[in-house]
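Just so you know, these numbers use all the heavy atoms, side chains as well, and skip hydrogens, waters and symmetry mates.
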Amino acid sequence: MLAKHCVISALGRLTSHSPSSSSTVLRRQLILVRALCGSKIHRPKLIRAMSSSSEADAESVLRTVTPSLDPKRHKGQAGKIAVIGGCREYTGAPYFAAISALKIGADLSHVFCTKDAAPVIKSYSPELIVHPVLEESYSISQLSEEDKRKVQEKVIGEVDKWMQRFDCLVIGPGLGRDPFLLECVSKIMVLAKKFNVPFVVDGDGLFLVTNSIDLVDSYPLAVLTPNVNEYKRLVQKVLNCEVDEQNAEDQLRSLAKQIGGVTILRKGKSDLISNGETVKSVSIYGSPRRCGGQGDILSGGVAVFLSWAQQLKSDTESPSENPAILGCIAASGLLRKAASLAFTKHKRSTLTSDIIECLGESLEDICPAS
C-alpha cells in the first residue's frame, strides 16, 4: 500500500507541476501505476478536468472514461455503435463515423443505410456490419400511400430488431434530405428514446432536428454536433435571434437549456459544449487543414466515449459529471490531437482517412494499452 501511495503521489506531482514533461515519461509512469493500482487511478484527475474554468482538461477526461483492455471482457462490452445514414449521393460520411468508432475502441460498428449505398459502404471495409434497410422516395414513387406506409413500417421494424443491442446511435452522416427517408429516421429517433438509447445527431440529422425540435426536446441522452451553419440555423429556430459571438458561452447555454437540457457540441476554433447548465471548451490545437469528414470522425468518437462514460455510472467510483459532456470533451480532444499528428505527417495533403489512421496512436499516447 505504501508503494502504491508513493507512486500515486509522484504521478500527481508530475502531472500537476510538470506540464512540459514528455509524453514518453508520462506513459511510463502510467504503465507503472496501472500495474500497481489498476486503471481507476486516473479518475481523481477529473476534478481538475471539470473545474469551474471553461477550458476542459481533455486528456484527463480521456484517461477517466477510456476503459482498460481486460482479457476477461467479451466482444461487445467495449461498445456497440450504429450509424443511421448513407444514401446514393453520400457514402463516405457514414463510413468515416462508423470506422472511427472502431479505431477508437468500440467492438462493433453498424451502418443502417439505403440499398444503393450498402454495397459501396461494404466495399470500404469488411469491419463494418452494413444493413441495407432504408428507403428513399424515388424507389417507392410508384406505390400507393398505403403501400408506402407498409414500407415505412418494415424499415422501422428492421431497426427495431437491433435497437436494444446498441450503446449509442449516430444519426445523420450521409443521410441526405429525402422526405420519406427523413420521416423514417424521425421514427427511429422516437424508437431510440423509447429504449433510452443515447444518440448523436450530426449532418443532415441536424437539418431534421432543426425542423422538428420535439424529436430531441428534453431528451438528456441526445447530443447535437452542429458546425457554424448548422448552429446558426438552430439559434435562429430556437432562440429567434442571430449568433452572438461576443457572448458565445451564454448563448450556447441558453440554447441547450431551451431545448430541454440536450447536450450541444458547437464545433469551431474552440469547441464549446453545454447541456444548459455548464459550458466547457476544448481548445487543443488541431490542424489548419479543413478537409471534409472530420465532423463524421467527431460524431463517431462522441458515440464511443459517451457509451464508455455511461458504463462508468455503474461503478462505485463513477464520476458525477454528465456522460454526454464527458463524451464530447473526450472526442473533441482526441480528434484534435489526431488531426495535429496527421498534419505533421501529410501537411497540405492531409485527408480525413489520414486523421482516422492517427486516432489509435493519439489515444495510445494518452491512455497506454499496457
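Each of Lys232, Gln251, Gln236 was evaluated against Glu242; a single residue qualifies, Gln236, per the side-chain hydrogen bond (donor to acceptor under 3.5 Å, both in side chains) test.
Here Phe207 pairs with nothing under the ring pair (Phe, Tyr, Trp, His ring centres under 6.0 Å) rule; sequence neighbours left out. Contacts of Gln142 classified as side chain to side chain contact (heavy atoms under 4.5 Å, CB included), with partners at least two apart in sequence or in another chain: none.
Side-chain contact between Leu208 and Met189: present, with at least one pair of heavy atoms (C-beta onward) separated by less than 4.5 Å. Residues Lys115 and Glu135 form a side-chain contact, since some pair of their non-hydrogen atoms from C-beta on lies under 4.5 Å apart. In this structure, Ile284 and Lys337 have side chains that are in contact, with non-hydrogen atoms separated by less than 4.5 Å.
Inspection of the Ser307 and Asp167 side chains reveals no N or O donor paired with an N or O acceptor under 3.5 Å. Of the N and O atoms on the side chains of Ser283 and Glu55, at least one donor lies less than 3.5 Å from an acceptor on the other residue.
Closest non-hydrogen pair, Ala101 versus Ser109, comes out as CB-OG, 4.2 Å. Listed here is the closest heavy atom pair of Gly176 and Leu182: O-CD2, 3.6 Å. What you find for Ala97 and Ser299 is that their closest heavy atoms are CB-OG, 3.9 Å. Summarising the geometry of Pro198 relative to Tyr219, their closest heavy-atom pair is N-OH, 4.1 Å, with the distance given to 0.1 Å.
The hydrophobic clustering, which links ILVMFWY residues whose side-chain heavy atoms are closer than 4.5 Å, places Tyr90 and Val133 apart. Taking hydrophobic clusters as Ile, Leu, Val, Met, Phe, Trp and Tyr residues chained together by side-chain heavy-atom distances below 4.5 Å, Leu108 does not share a cluster with Phe96.
Separating the CG atom in Asn211 from the OG atom in Ser186 is a distance of 11.5 Å, to the nearest 0.5 Å.
Under the 4.0 Å criterion applied to side-chain N and carboxylate O atoms, Lys267 and Asp202 are assigned as salt-bridge partners. Salt bridge status for Lys345 with Glu361: present, with a side-chain N to carboxylate O gap under 4.0 Å. The residues Glu146 and Arg149 are annotated as salt-bridged, a charged nitrogen and a carboxylate oxygen being separated by less than 4.0 angstrom. Remark: Arg177 engages Asp204 in a salt bridge, criterion side-chain N to carboxylate O under 4.0 Å. The residues Lys154 and Glu158 are annotated as not salt-bridged, no charged nitrogen and carboxylate oxygen being separated by less than 4.0 angstrom.
Phe166 and Phe195 have their aromatic ring centers separated by at least 6.0 angstrom.
Looking at Ser287, its side chain does come within 3.5 Å of a backbone N or O of Arg289 through a donor-acceptor pair.
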